[in-house]
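Reading through the structure tokens given below for one structure.
What you see below is based on every heavy atom in this structure, not just the backbone, and it leaves out hydrogens, waters and symmetry mates. As the structure is a computational prediction, the values presented were derived from the model and not from experiment.
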Amino acid sequence: QVQLVESGGGLVQAGGSLTLSCAASGRAFSSYAMGWFRQAPGKDREFVAAVSASGGNSDYVDYVKGRFTISRDNAKNSVYLQMNSLKPEDTAVYYCAASRPYYTFTLYIPKGHNEYDYWGQGTQVTVSS
């Protein structure tokens with residue numbers, strides 16, 4: 001049982017940087033792999049990045065590899081997404097998500113929306129050209 005709140009979205013110029021934060025309310029935060037998804041108007045929700053429960057492994061969709069970095073601080077019940085070299089096509093609502101305790105002791109990276117049980121309300125990221 002996790003409640004998630006995203007923050008840090010906003011307007012940024014192409015080539016700029018932005019860091020998103022996700023604060024979790026549950027004390028079992030460290031038991032969950034955490035992910036970031038995004039959804040642009042008229043498009044499906046897309047996997048962006050995820051990190052294993054321990055923070056020992058992470059993965060990204062090809063479009064953001066080398067530009068985005070996901071990290072977590074279990075002591076602060078927080079997950080972050082550092083976004084660099086932003087492009088207009090990165091414009092979307094970004095959602096933080098928590099998977100499930102089954103993956104606690106693995107390095108598995110869930111990438112499907114059906115592998116996540118808890119979702120934040122989203123934060124808007126707009127990249128101008």
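- Counting heavy atoms from C-beta on, the side chains of Q82 and L18 never come closer than 4.5 Å.
- When the shell of 6.0 Å around NZ of K43 is examined, it contains 12 or fewer heavy atoms from other residues, nucleotides or ligands.
- Contact check for R45 versus Y95: side-chain heavy atoms found under the 4.5 Å cut-off.
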Checklist entry - Where do T91 and Q124 land on the side chain to side chain contact (heavy atoms under 4.5 Å, CB included) test, with the steps shown first? => result CA-CA 8 Å; T91 295; Q124 177 71 47; 4.0 Å; yes

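- Residues M83 and L20 have side chains in contact (heavy-atom distance under 4.5 Å, counting atoms from C-beta outward).
- Taking 4.5 Å as the limit, some side-chain heavy atom of C22 sits within range of a side-chain heavy atom of W36.
- Rounding to the nearest 0.5 angstrom, the gap separating the CG atom in N77 from the CZ atom in R72 is 9.0 Å.
- Using a 4.0 Å cut-off between a side-chain N of Lys or Arg and a carboxylate O of Asp or Glu, K87 and D90 do not qualify as a salt bridge.
- A side-chain donor-acceptor contact under 3.5 Å links S25 to the backbone of Q3.
- S30 approaches N74 most closely through the heavy-atom pair CB-ND2, 3.5 Å.
- Y80 and F29 are members of different hydrophobic clusters when ILVMFWY side chains are connected at heavy-atom separations under 4.5 Å.
- Criterion: ILVMFWY side-chain heavy atoms under 4.5 Å apart, direct or through other members. Under it, Y63 and V127 are part of a common hydrophobic cluster.
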Next on the checklist: side chain to side chain donor-acceptor pair (under 3.5 Å) for S99 and E115? Distances and angles first, verdict last.
Outcome noted: CA-CA 6 Å; S99 59; E115 297 180 279; over 6 Å; no

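- A search for side-chain contact (heavy atoms from CB on, under 4.5 Å) contacts involving D117 returns R100, not counting sequence neighbours.
- In this structure the side chain of L81 never reaches within 4.5 angstrom of the side chain of T19, judged on heavy atoms.
- Heavy atoms of other residues, nucleotides or ligands lying less than 6.0 angstrom from CD of Q13 number 12 at most.
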Checklist entry - Run the side chain to side chain contact (heavy atoms under 4.5 Å, CB included) check on F68 and L86 step by step: do they pass? => result CA-CA 9 Å; F68 291 10; L86 283 163; 3.8 Å; yes

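- V2 approaches A24 most closely through the heavy-atom pair CG1-CB, 3.9 Å.
- V51 and Y108 are assigned to two separate hydrophobic clusters, defined by single-linkage of ILVMFWY side chains at heavy-atom distances under 4.5 Å.
- Evaluated for a salt bridge (charged side-chain N to carboxylate O under 4.0 Å, His left out) with R38, the options E6, E46, E89 yield exactly one hit, E46.
- Atom NZ of K111 and atom CD1 of I109 lie 8.0 Å apart (nearest 0.5 Å).
- In summary, the aromatic rings of F47 and F37 are positioned with their centroids under 6.0 Å apart.
- A cation-pi arrangement is absent between R67 and Y60 under the rule of less than 6.0 angstrom and at most 45 degrees off the ring axis.
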Item to check | Verdict with reasoning, S71 to V79, per side chain to side chain contact (heavy atoms under 4.5 Å, CB included) | outcome: CA-CA 6 Å; S71 62; V79 178; over 6 Å; no

Item to check | Worked verdict on K65 versus D59 for side chain to side chain contact (heavy atoms under 4.5 Å, CB included) | outcome: CA-CA 8 Å; K65 287 182 178 178; D59 203 5; 3.9 Å; yes

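- The two residues S85 and S17 make their nearest non-hydrogen contact at N-OG, 4.4 Å.
- Here the shortest heavy-atom pairing between L4 and M34 reads CD2-CE, 3.9 Å.
- Contact record, Y116 with G35: CE2-N, 3.5 Å, taken as the closest heavy-atom pair.
- Scanning both residues, L107 and N57, for their nearest heavy atoms gives O-ND2, 2.9 Å.
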